[in-house]
Amino acid sequence: MNIPEPLNFIQEIIVNDLKTGKRTKVHTRFPPEPNGYIHIGHAKSICLNFGTALKFGGKTNLRFDDTNPTKEDVEYVDSIRDDVHWLGFDWENREYYASDYYDKLYEFAEELIKKGKAYVCELKGDEVSEYRGTLTEPGRPSPWRNRSVEENLDLFRRMRAGEFEEGSCFLRAKIDMAHPNMNMRDPAVYRIKKASHHRTGNKWCIYPMYDFAHPLSDWIEGITHSICTLEFEAHRPLYDWFLEALELPDRPQQIEFARLNLSYTVMSKRKLLELVQSKRVMGWDDPRMPTVCGLRRRGYTPSSIREFCERIGISKADSMVDINLLYFCIREELNKSAQRAMAVLDPLKVVIDNWEEGREEEVDVENNPENPNAGNRKVIFGREIYIEASDFMENPPKKYFRLKPDGEVRLKGAYFIKYVGVDKDASGNITQIHCTYDPATKGGDSPDGRKVKGTIHWVYAPKAVDAEVRLFDNLFTLENTGDIPEGKDPLDYLNPNSMIVKQAKLEPMLGKATLEDRYQFMRSGYFCLDSRDTQEGRLVFNRTVELKDSWGKAQAKA
RNA sequence: UGAGCUAUGGUGUAAUGGUAGCACAACAGAUUCUGAAUCUGUUUGUCUAGGUUCGAAUCCUGGUAGCUCAACCA
């Protein structure tokens with residue numbers, strides 16, 4: 001088999017497994033708990049699981065890890081399914097649920113009891129933790145630890161029959177109360193929860209724990225490599241213990257990797273939920289959220305997210321990825337594919353005094369200089385136009401080569417213009433600018449070969465399309481939201497300017513934009529229509545990412 | 001402070017005992033009808049102290065730092 005490089009450490013393990021004959025195939029799974037929307041950290045896992053299987057000609061299952069009915073919901077199942085598909089991965093007909101296996105899992109539990117490897121414990125919550133000991137001290141055996149197999153079986157069956165109250169007893173694995181790994185100190189296997197499950201309804205009142213359900217679900221599905229994040233590392237001995245205790249052949253192997261941390265955002269489901277519930281964002285799909293649906297609404301493409309996940313790599317070291325890499329990935333793609341357009345975000349009226357009233361003309365502008373096949377388009381031009389307020393300065397600094405009292409500037413694809421004067425209101429604010437144009441420079445070039453340093457974008461005022469344009473920036477002002485001072489909350493560091501709304505003037509073509517279109521608003525950034533708030537007669541554009549701005553950066557420093 | 005894991009430029013990741021490389025970021029210059037893109041160049045790194053070896057980022061020992069674990073959550 002010819003495996004495409006590069007390989008991460010997990011794929012190296014797989015290559016070795018295949019070489020030694022430990023495995024003859026590769027089968028992975030993506031196992032989300034349906035208790036929230038998935039984010040870019042999950043996308044990393046999705047790309048790893050699906051991507052690895054693809055690399056080795058194997059398959060990947062989508063399995064919902066739904067063992068806690070009090071936290072899970074179908075709303076999340078649907079969104080996760082959508083998001084994984086949107087990212088570009090296909091699990092074909094292999095959509096499974098841990099709850100599909102409840103019968104089988106129950107049998108496994110009885111088998112464990114029959115082997116003398118599990119017992120029903122009647123310790124109460126705080127007693128359980130007291131008996132468990134601490135990190136430095138061993139635990140003590142539960143008084144119920146040595147019941148007979150018959151008694152345990154009877155009790156467990158009655159647990160299932162609903163004879164006991166929640167919290168009155170639970171099934172535990174009989175391992176080692178003095179084990180240095182706390183997870184091995186007789187962990188819970190089944191607990192009573194008199195809750196309705198989103199798939200099994202009221203069939204069950206006992207539910208298996210993750211540590212028990214996960215390895216066995218993997219085994220049932222024939223998973224070979226069970227890839228998960230680092231916090232489950234200490235659970236691996238338990239993962240193996242259940243499979244060994246039940247003497248199952250061809251056991252899956254758990255391998256852990258470091259989860260994604262991204263600068264200037266949060267990745268915990270709890271914090272994300274808090275942002276949504278406290279209405280500090282518009283919802284799970286707010287374009288500022290690191291959720292897959294948020295990134296999608298923001299204008300990210302599936303391929304840009306996959307590229308990002310490829311570039312960040314896989315390792316076991318905790319790390320913090322610079323969000324600039326994500327920005328780079330979407331810019332890189334959109335630069336090649338996005339249609340160029342002219343949009344003025346902060347409109348300033350310019351009147352071209354020597355242009356005849358009422359005269360209109362079409363000029364030619366290329367659709368994408370990176371792609372000659374994209375061709376040109378006609379853009380209407382005339383006496384009154386809008387330019388960006390920041391493209392004019394009365395008292396410009398050195399090297400400012402936009403419109404200023406002296407010199408010429410080029411209007412993209414149209415003419416050279418020259419400043420004549422400025423109108424101001426009573427309080428001294430500029431209301432409009434007067435210029436003259438040079439008719440010989442039509443198309444944007446001068447026959448006498450004179451150069452102009454600046455080229456600015458513009459929109460013909462009478463035919464301009466109005467739109468709301470939302471400029472997004474990082475949600476947080478703090479680079480590492482996981483490292484905050486004592487007594488502070490990440491939410492104390494929300495960026496008040498994470499969304500700035502502009503009333504913009506657009507070139508007419510943009511009035512016909514569809515939800516699928518991506519545009520580069522020239523000299524500004526990449527934009528797409530907002531899928532939620534755009535309506536008939538109301539255009540709302542989202543800025544996916546801004547263009548790099550070396551001038552702005554230099555000015556900020558000065 | 002019990003156990004486990006991790007440590008390579010600012011960030012992420014390669015190098016699998018044999019020239020420390022790539023990407024992002026940063027900085028400089030060229031170019032430009034987008035102050036974008038493109039092109040060229042530059043700065044910055046093996047946590048630490050020993051040991052093994054002709055040779056160590058890699059193997060060994062000690063230290064240091066960070067992360068994880070004491071839910072009937074996942």
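Order of the sequence lines sets the chain letters (A, B, ...), proteins ahead of strands, with each chain counted from 1.
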Visitor: If the cut-off is 4.0 Å, is A/Lys316 near the phosphate of B/C67, judged by side-chain N/O to OP1 or OP2?
Guide: no
Visitor: Within the structure, does a side-chain N or O atom of A/Lys548 lie under 4.0 Å from either OP1 or OP2 of B/A25?
Guide: yes
Visitor: Tell me the partner of B/G41, counting only Watson-Crick (N1-N3 plus N6-O4 or O6-N4) or G-U wobble (N1-O2 and O6-N3) with both under 3.5 Å; none if nothing fits.
Guide: B/C27
Visitor: Is there a side-chain contact between A/Ser263 and the phosphate of B/U11, meaning an N or O under 4.0 Å from OP1 or OP2?
Guide: no
Visitor: Does A/Arg340 contact B/U34 through a side-chain donor or acceptor facing the base, at a distance under 3.5 Å?
Guide: yes
Visitor: Return whichever of A/Ile456 or A/Phe9 has its heavy-atom-nearest nucleotide of RNA chain B closer to the 5' end.
Guide: A/Phe9
Visitor: Tell me whether the side-chain N/O atoms of A/Arg191 come closer than 4.0 Å to OP1 or OP2 in B/C73.
Guide: yes
Visitor: For A/Lys117, I'd like to know if atom NZ has over 12 heavy atoms of other residues, nucleotides or ligands within 6.0 Å.
Guide: yes
Visitor: Going by ring centres under 5.5 Å and near-parallel planes (under 30°), is A/Tyr210 stacked on B/A74?
Guide: no
Visitor: Within the pair A/Ser315 and B/U13, is there a side-chain N or O less than 4.0 Å away from OP1 or OP2?
Guide: yes
Visitor: Would you say CD of A/Glu5 has more than 12 non-hydrogen atoms from neighbouring residues, nucleotides or ligands within 6.0 angstrom?
Guide: yes
Visitor: Taking A/Asn49 for the side chain and A/Phe30 for the main chain, is one N or O donor matched with an acceptor at less than 3.5 Å?
Guide: no
Visitor: When both hydrogen-bonding distances must be under 3.5 Å and the geometry is Watson-Crick or G-U wobble, what is B/G2 paired with, if anything?
Guide: B/C69
Visitor: State the syn/anti category of B/A65 according to its glycosidic angle, syn meaning within 90° of 0.
Guide: anti
Visitor: Would you say A/Thr67 reaches B/A74's phosphate, i.e. side-chain N/O to OP1/OP2 under 4.0 Å?
Guide: yes
Visitor: Taking only side-chain N and O atoms of A/Lys193, does any of them lie within less than 4.0 angstrom of OP1 or OP2 on B/C73?
Guide: yes
Visitor: Assess whether atom CZ of A/Arg259 is packed by more than 12 heavy atoms of other residues, nucleotides or ligands within 6.0 Å.
Guide: no
Visitor: Using a cut-off of less than 4.0 Å, is there contact between a side-chain N or O of A/Lys453 and OP1 or OP2 of B/U32?
Guide: no
Visitor: What I want to check is whether an N or O donor and acceptor connect the side chain of A/His235 with the base of B/A74 at under 3.5 Å.
Guide: yes
Visitor: Please tell me if A/Arg132 has a side-chain N or O lying less than 4.0 Å from either OP1 or OP2 of B/C72.
Guide: yes
Visitor: Counting only side-chain heavy atoms from C-beta out, which of B/U68, B/U11, B/U32 sits nearest to A/Glu231?
Guide: B/U68
Visitor: Has A/Arg523 got a side-chain N or O lying under 4.0 Å from the OP1 or OP2 atom of B/G35?
Guide: yes
Visitor: So that I can tick it off, tell me whether A/Arg199 and A/Asp66 are bridged by a salt bridge, with the cut-off set at under 4.0 angstrom between side-chain N and carboxylate O.
Guide: no
Visitor: Counting only side-chain heavy atoms from C-beta out, which of B/U34, B/A74, B/A23 sits nearest to A/Leu547?
Guide: B/U34
Visitor: Mind checking if A/Ile206 touches a base, just sugar-phosphate, or nothing, with heavy atoms under 4.0 Å?
Guide: nothing
